[in-house]
Amino acid sequence: MDFTDKLTTIKNDLYAKKPSRINHIEGVAECALELKRRHFPEIPDFKILQAAYMHDFTKEYDIQAHIEILNKYNMPLDGYEEITPKLLHSKSAYAIAAYEYKLDEDVCLAVLYHTTGRENMTPLEKIIYLADYIEKNRTYVTCTDVRDTYELLVEKQHKKPMEEAILYSLDLTIGELIEKKLIIHKDTIQARNYLIKEGI
Ligand SMILES: [Fe+2]
Ligand SMILES: [Fe+2]
């Protein structure tokens with residue numbers, strides 16, 4: 001199966017499940033393509049689209065369904081996922097992307113890190129992470145705030161508007177987690193520290 005067939009299969013499988021968040025998923029695909037066009041035009045469209053359509057592939061599964069997928073592929077939980085099951089969908093979607101659709105590793109990793117971010121993210125990982133946060137259907141106040149900030153940075157021709165917007169989103173996410181007395185995944189902390197060290 002070539003990459004266009006794979007994308008068609010992913011989309012068919014996704015639509016067959018009738019996900020309630022399909023507008024969001026399509027919004028991520030559209031926004032990710034625009035981020036790529038502006039900042040990383042060398043990335044092939046199919047990688048952007050495969051990662052966008054896969055990123056929330058298992059979002060509506062219950063905890064048991066996530067655990068079954070992870071057990072099937074020998075993927076242990078990381079000590080955070082047990083406490084914050086919301087994180088499980090990134091990992092089970094990664095497993096399906098990697099082992100069932102056999103997508104390229106860089107695409108699978110963009111799916112895996114779309115929720116937490118991580119240290120030294122690749123351009124594809126940054127695109128999917130940020131598109132997930134700022135796509136047009138997001139109405140949550142922190143999302144619109146990051147979207148406006150990103151657009152303003154682009155307008156002002158800031159050197160690294162995506163990285164600056166990602167750092168801002170990480171700050172807001174971490175702030176919210178602290179406020180709600182929730183655990184912060186180590187990858188989220190490391191993603192932020194890395195950007196600071198990079199001088200963003
Ligand atoms: Fe997600
Ligand atoms: Fe999402």
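Computed over heavy atoms, backbone and side chain alike; hydrogens, waters and symmetry mates excluded. Remember, it's 1-based here, ligands and their atoms both numbered in the order they're listed.
- Classified by interplanar angle (parallel below 30°, tilted 30° to 60°, perpendicular above 60°), the ring pair Tyr73/Tyr99 is parallel.
- Judged by the 6.0 Å distance and 45° axis criteria, Lys17 is positioned over the aromatic ring of Phe57.
- Around the Fe ion (ligand 1), protein N, O or S atoms at less than 2.8 Å comprise Asp56 OD1, His89 NE2, His114 NE2.
- Applying the ring-ring contact (aromatic ring centres under 6.0 Å, His included) definition to pairs two or more places apart or across chains, those involving residues 129-181 are His39-Tyr150.
- A salt bridge does not link Glu34 with Lys136: none of the charged nitrogens is closer than 4.0 Å to a carboxylate oxygen.
- Side-chain contact annotation: Asp13 with Tyr101, donor-acceptor N/O pair under 3.5 Å present.
- In summary, the side chains of Asp62 and Gln64 do not present any donor paired with an acceptor at a separation below 3.5 Å, with no hydrogens or angles considered.
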